[in-house]
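In what follows, chains carry the letters A, B, and so on, assigned in the order in which the sequence lines appear, proteins first and then strands, with residues in each chain numbered from 1. Every value quoted in this text rests on a predicted model; they were computed, and no experiment measured them.
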Amino acid sequence: MPGESALPPTDARRSDAGARGEQLTLEGLPTVRRRRRTRAEGVVLATELPVARVCIDLPPPHLDHPFEYAVPAALADQALPGVRVKVRFGRQDVDAYVLERVTEAEHDGELVPLRRVVDGLPVVTPQVARLARATADRWAGTLADVLRLAVPPRHARVEGEVPSSDERAPEPVPAPAASAWADHRGGPAFLTHVTAGGAPRAVWTALPGEPGRGWPDAIAQAVVAARLGARGALVVLPDARDVDRVLAALAAAGVPRWTPGTSGGAVRLTADEGPAARYRAFLAALRGHASVVVGTRASAFAPVADLGLVVCWDDGDPLHAEPRAPYPHTREVLALRSELERCAFLVGGFARTVEAQALVEHGWAHEVAADRRQVRARTARVRALTTTELAREGPAAAARLPTPAWRAIRERLADGPVLVQVPRAGYVPAVACGRCRAAARCGTCHGPLGLAKADGTPTCGWCGRLAADWRCTECGGATLRSVRIGSQRTAEELGRAFPGITVRVSGRATGGVLAEVPDRPAVVVATVGAEPVTPAGYAAAVLLDAAVATAGSSLGVLPDALRRWLGAAALVRPASDGGVVLLVGDAEERATQALVRWDPVGLASRELAERGTLGLPPAVRLAAVQGSREAVLAVVERVTVPDLEVLGPVPVPGTGDLTPDVRTVLRVPRAGGTVLARALAASLAVRSARREGGTLTVQLDPQDLR
DNA sequence: AACCCATCTGCG
DNA sequence: GCAGATGGGTTC
């Protein structure tokens with residue numbers, strides 16, 4: 001062979017280790033290459049599909065591609081796609097997932113045989129494998145990281161439980177019902193399409209409704225529509241309380257809760273009942289015993305046989321943002337999944353997120369919402385008690401609970417429970433316009449201003465520019481003021497304002513979250529997101545510290561404030577039954593008006609338009625690269641994609657005592673998101689292959705970018 | 001983490 | 001001219 005020495009190193013190594021290795025052995029010298037230890041020789045290999053392509057369960061990004069192993073004949077029947085295996089990888093034994101079995105290896109070297117099959121269960125279905133790969137690609141992460149989110153930890157004892165398949169009850173046949181959808185334009189048509197086996201996509205704004213036609217019932221009816229078409233369904237909710245509400249509604253709609261030995265029911269897939277229960281539920285879905293999965297965010301990856309419908313409820317809830325790498329979001333994972341598995345997609349809530357609004361305005365999904373007449377008929381009367389409104393009350397107007405609010409609570413208590421919503425404790429420093437209180441944004445890149453500098457000069461949190469000659473884009477004001485966000489006062493304190501009345505408290509930090517309170521007069525003080533339901537609806541709701549909710553400069557404060565208010569307001573009886581909602585405090589004007597008019601779509605739509613002009617997501621794609629300075633610079637430097645803007649780096653306050661982390665924000669047009677994610681993943685692979693030092697996190701579409 | 005390989009460095 | 005150190009890259 002001519003030019004032998006010019007062969008690429010891998011080829012040279014291979015031929016040395018192969019037949020020519022012995023020929024090169026010279027007298028007096030050791031063997032040129034020692035034999036590699038774990039060759040397939042001596043092992044009888046499978047005759048059919050003797051090659052397994054596997055995903056190695058190790059974190060480094062440069063290992064995120066399939067590795068090929070020889071399949072011993074003894075494992076041929078077990079080492080099927082989706083099955084966990086142990087393989088020799090370099091010097092170590094590692095876990096891996098079989099992705100596929102093929103006839104020919106692509107790798108042009110000797111293959112090492114699989115060591116053993118771990119449990120023989122195909123825990124990663126082909127659909128989930130594809131979804132996990134797409135998720136890793138979308139968020140610049142690795143397949144191994146996503147599979148760690150998707151596949152619950154193995155629980156051998158649960159696995160051993162024999163599914164009593166012969167004793168299974170006959171599959172329940174739910175009756176069709178669309179009552180909870182009757183008042184939503186496009187709702188009944190969506191259900192019909194789902195039953196017919198189609199893949200419609202809908203963004204749904206829910207109306208408040210009494211038990212039987214509330215949002216859990218609406219979701220249950222959509223699931224029934226999928227079941228009537230002989231397909232499975234997946235419902236993902238922010239927390240376990242919501243999961244139980246949907247399971248109850250499903251049972252009422254004729255889809256019973258799955259229990260071992262039954263078939264066709266709905267399984268509860270959450271982490272809160274422990275690893276055994278979680279794995280049992282996972283296996284019930286995997287084995288096709290349960291055809292409906294209802295769970296929290298990790299269940300977006302649950303195996304559901306013949307998936308016909310995915311649902312994400314209240315996609316604005318921060319609990320839908322996965323806190324572990326690569327930080328995927330339930331709504332987006334389910335959107336990907338609906339495309340990959342050609343199933344129906346439903347995202348909904350009382351509010352409308354900007355991201356969901358974008359799905360509608362980009363033509364990806366249809367809108368399902370009630371018309372104004374229905375909205376008025378089903379919602380409470382909303383009043384905003386701003387200081388202007390309360391001017392004649394004198395100094396008391398600025399009180400945390402102004403007299404008119406106190407009077408309203410007193411009055412409505414005669415009719416039933418009254419809900420008082422208080423913001424969660426905590427402080428976030430931010431800068432707002434001193435005149436109109438709009439969040440202050442950078443004049444150059446429209447990032448949010450903050451007070452990072454010790455001398456109090458406002459600087460942009462993204463590009464780091466000083467806001468020297470800042471002017472408010474809303475009102476033209478030139479003064480800035482810092483806003484302190486949060487409430488340190490306890491909920492109990494409020495209860496003292498109503499002596500003789502039962503006060504119930506619901507909140508994480510205040511002794512626990514109540515799921516439900518009885519239909520009797522009581523003041524129910526709840527932190528945001530911890531509001532209990534009550535059978536006949538609240539007589540009134542008072543939303544305190546409204547200014548706190550819209551202060552701050554994080555992206556999407558306004559839709560988020562509205563979402564929290566609507567979450568409480570939706571629990572109140574309609575105006576025709578005396579239901580009243582009082583928003584207390586000087587919140588931002590547009591958010592306040594959107595609540596008064598009960599118009600979440602209008603707010604989301606305006607916010608989306610504004611984000612378009614300012615170059616903020618979801619009109620663009622952002623990636624936050626944060627960590628030690630050298631690491632951030634090195635990773636960012638290798639990212640070269642069209643139309644890339646590099647904002648920063650800026651130091652991140654509150655990280656590292658001596659050398660604070662820095663953050664760089666990468667911005668590309670929306671269409672460039674895929675390319676940006678791929679380039680980032682490639683740069684991270686180089687970083688890990690070269691063992692570049694420091695710490696680093698990369699987050700696409702960060703939720704809490706300030 | 002353990003290794004392989006190529007290149008560099010210090011010393012004769 | 002050569003041993004040992006160093007850095008970059010692979011592991012199927």
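- Here the P atom of nucleotide dC3(B) and the CZ atom of R88(A) are 10 Å apart, to the nearest Å.
- If you measure from atom NE2 of H62(A) to atom C1' of dC3(B), you get 13 Å, rounded to the nearest angstrom.
- Residues from residues 682-692 of chain A that place a heavy atom under 4.0 Å from any atom of DNA chain C, listed by number: A689(A), R690(A), R691(A).
- One cannot find a donor-acceptor pair under 3.5 Å joining the base of dT11(C) and the side-chain atoms of H107(A).
- Rounded to whole angstrom, the span from the CD atom of E100(A) across to the P atom of dC12(C) amounts to 19 Å.
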Scan the side chains in residues 674-684 of chain A for donor-acceptor partners under 3.5 Å anywhere in the protein, sequence neighbours excluded, and list what turns up.
| unit_1 | atom_1 | unit_2 | atom_2 | d |
| --- | --- | --- | --- | --- |
| S683(A) | OG | V635(A) | O | 2.8 |
| S683(A) | OG | R638(A) | NE | 3.1 |

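- Between D108(A) atom CG and dT11(C) atom P there is a gap of 10 Å when expressed in whole angstrom units.
- In this structure, L58(A) atom CG and dA2(B) atom C1' are separated by 13 Å, rounded to whole Å.
- P649(A) and R629(A) get closest at one heavy-atom pair: CG-NH2, 3.9 Å.
- For the pair Q92(A) CD and dC3(B) P, the computed distance is 11 Å after rounding to whole Å.
- Distance check: T330(A) OG1 to L319(A) CG gives 9.0 Å after rounding to the nearest 0.5 Å.
- In this structure, CG on D661(A) lies 6.5 Å from OG on S628(A), to the nearest 0.5 angstrom.
- When heavy atoms are screened at a 4.0 angstrom cut-off, F89(A) is found touching base atoms of the nucleic acid.
- Using bins of under 30°, 30° to 60° and over 60° for the plane-to-plane angle, the ring pair W364(A)/F345(A) lands in the perpendicular bin.
- Inter-residue side-chain proximity for E339(A) and R201(A) is flagged as met; some heavy-atom pair is nearer than 4.5 Å.
- Between L63(A) atom CG and dC12(C) atom P there is a gap of 11 Å when expressed in whole angstrom units.
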